[in-house]
J.: 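Pasting a structure here, questions to come.
Throughout, a chain's letter reflects where its sequence line sits, starting with A, and its residues are numbered from 1.
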2 protein chains.
Amino acid sequence: MRAKRACIELFERQCRDSGVPLTVQRRAILQTLLDLGNHPTADHVHQAVVAVVPAISRTTVYRTLETLVHMGVITKLCHPGSAVRYDARIELHHHLVCLRCDQVIDFSDPNLDALRIPDTSSVGFQVADFRVQLRGLCRRCRRMEAKT
Amino acid sequence: MRAKRACIELFERQCRDSGVPLTVQRRAILQTLLDLGNHPTADHVHQAVVAVVPAISRTTVYRTLETLVHMGVITKLCHPGSAVRYDARIELHHHLVCLRCDQVIDFSDPNLDALRIPDTSSVGFQVADFRVQLRGLCRRCRRMEAKT
DNA sequence: TTAAGTGCAAAAGCTTTGCGGGTAG
DNA sequence: CTACCCGCAAAGCTTTTGCACTTAA
């Protein structure tokens, strides 16, 4: 995937520009998040990154993920479940949200991307981007439902 | 507000139709959620409902909120924060999500409502409805940003 | 050199579970 | 009467905090 390299370069550039130290741990966490692909929790990331940097602590993973969000390199996922999930894809894309099992699936569609952003100045809100959530039942939950 | 009564009636009808016992606690929790308005956590609901039913336990609030979600009377909010939030508004509406403070603000707009739902059959997903998240900075965070 | 990052252990939140007693239908 | 609900207490997760040590720039 081409986007991964771009994401890492963005991160390294931002670090230099704002004087944020570029550590082994940070690099490994970002790399792992990119490799994992789908919406892991902080703990998922920790489990995976331990394979690369065995001594890394859960605390560092939590802290680093928040740092990366702040830098705009990754985003927090809006998720109905209890644990926070992170998303390394910052390009415009959308989500299928299962109302039964709370799973979140990436979904891309040019028509959704073309949405015109409405005026929110009346509430003083400044829009940066948007996501569409299509809510319903995923394949598995639909089957379970059918059996009942 | 008209919708509140409708919501309670929907709930009572569903209870009778599916034989779900209609208890004092459930009624009070739904009523409280409707009165609170904006996206409370389970604990917020508990704090508020104690004023009406003093002996009610936190556990019951957690359980009942999940029951109401399952019945389709309320929905879980997709929220980037750590605690789950609930939304008594089941009508179509959208959200402004602040990327700095994680606040979620209700937002209605006919143009967003008119979105054409794309075909998701290729991934076996059945869409029930949708929400648009406009992400950016809320008024307060925008001011804080400006000062820096 | 020095400001910032890291690891550890412990605390603080949020949510779920098991169980005896209570209640709506 | 009977199945389901409720409250309590305790356990189980997830996330944050304080502090001493290490490291990138």
J.: B/Arg131 side chain to A/Gln133 main-chain N or O, any donor-acceptor pair under 3.5 Å?
T.: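 Between the backbone of A/Gln133 and the side chain of B/Arg131 there is no qualifying donor-acceptor contact (under 3.5 Å).
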
J.: State whether a side-chain donor-acceptor pair under 3.5 Å links A/His39 with A/Asp106.
T.: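 Their side chains do contain a donor-acceptor pair, which is all the 3.5 Å distance test asks for.
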
J.: Counting only side-chain N and O atoms of B/Gln25, is one of them less than 4.0 Å from OP1 or OP2 of C/dT23?
T.: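 Checking C/dT23 against B/Gln25, no side-chain N or O comes under 4.0 Å of OP1 or OP2.
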
J.: Among all residues two or more places apart in sequence or in another chain, which pass the salt bridge (charged side-chain N to carboxylate O under 4.0 Å, His left out) test with A/Arg63?
T.: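 By the salt bridge (charged side-chain N to carboxylate O under 4.0 Å, His left out) rule, A/Arg63 matches no residue at all.
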
J.: Would you check if there is a donor-acceptor pair between the side chains of A/Asp119 and A/Ser121 at a distance under 3.5 Å?
T.: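 Side chains of A/Ser121 and A/Asp119: pair found under 3.5 Å.
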
J.: Calculate the interatomic distance between B/Gln14 atom CD and C/dG25 atom C1'; express it in whole Å.
T.: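 Atom CD in B/Gln14 sits about 18 Å away from atom C1' in C/dG25.
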
J.: Tell me yes or no: between the side chains of B/Asp109 and B/His93, is some donor less than 3.5 Å from an acceptor?
T.: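 There is no such pair (donor and acceptor under 3.5 Å, judged by atom type) between the side chains of B/Asp109 and B/His93.
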
J.: Specify the separation, in whole Å, of atom NE2 of A/His70 and atom P of C/dA4.
T.: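 It works out to 15 Å between those atoms.
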
J.: Are side-chain N/O atoms of A/Thr64 and A/Thr67 paired as donor and acceptor at under 3.5 Å?
T.: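 No donor-acceptor contact under 3.5 Å links the two side chains.
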
J.: How many whole angstroms separate atom CZ of B/Arg16 from atom C1' of C/dA24?
T.: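 It is 12 Å, rounded to the nearest whole Å.
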
J.: Pick the closest DNA chain C nucleotide for B/Ser82 and for A/Val20 by heavy atoms, then say which residue is nearer the 5' end.
T.: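 Between the two, 5'-proximity favours A/Val20.
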
J.: Would you jot down, in residue-number order, the residues of residues 44-69 of chain B having a non-hydrogen atom under 4.0 Å from DNA chain D?
T.: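 Under 4.0 Å from DNA chain D: B/Ala55, B/Ile56, B/Ser57, B/Thr59, B/Thr60, B/Arg63.
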
J.: Judged by modelled atom types alone, do A/His79 and A/Asp102 share a side-chain donor-acceptor pair under 3.5 Å?
T.: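 Distance-only check fails for A/His79 and A/Asp102.
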
J.: May I ask you to decide whether B/Lys76 forms a salt bridge with B/Asp87, counting only side-chain N to carboxylate O separations under 4.0 Å?
T.: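 Answer for the salt bridge query: no.
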
J.: Could you tell me from which nucleotide to which nucleotide of DNA chain D, 5' to 3', there is an atom under 4.0 Å from chain B heavy atoms?
T.: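 So the outermost contacting nucleotides come out as D/dC4 to D/dA9.
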
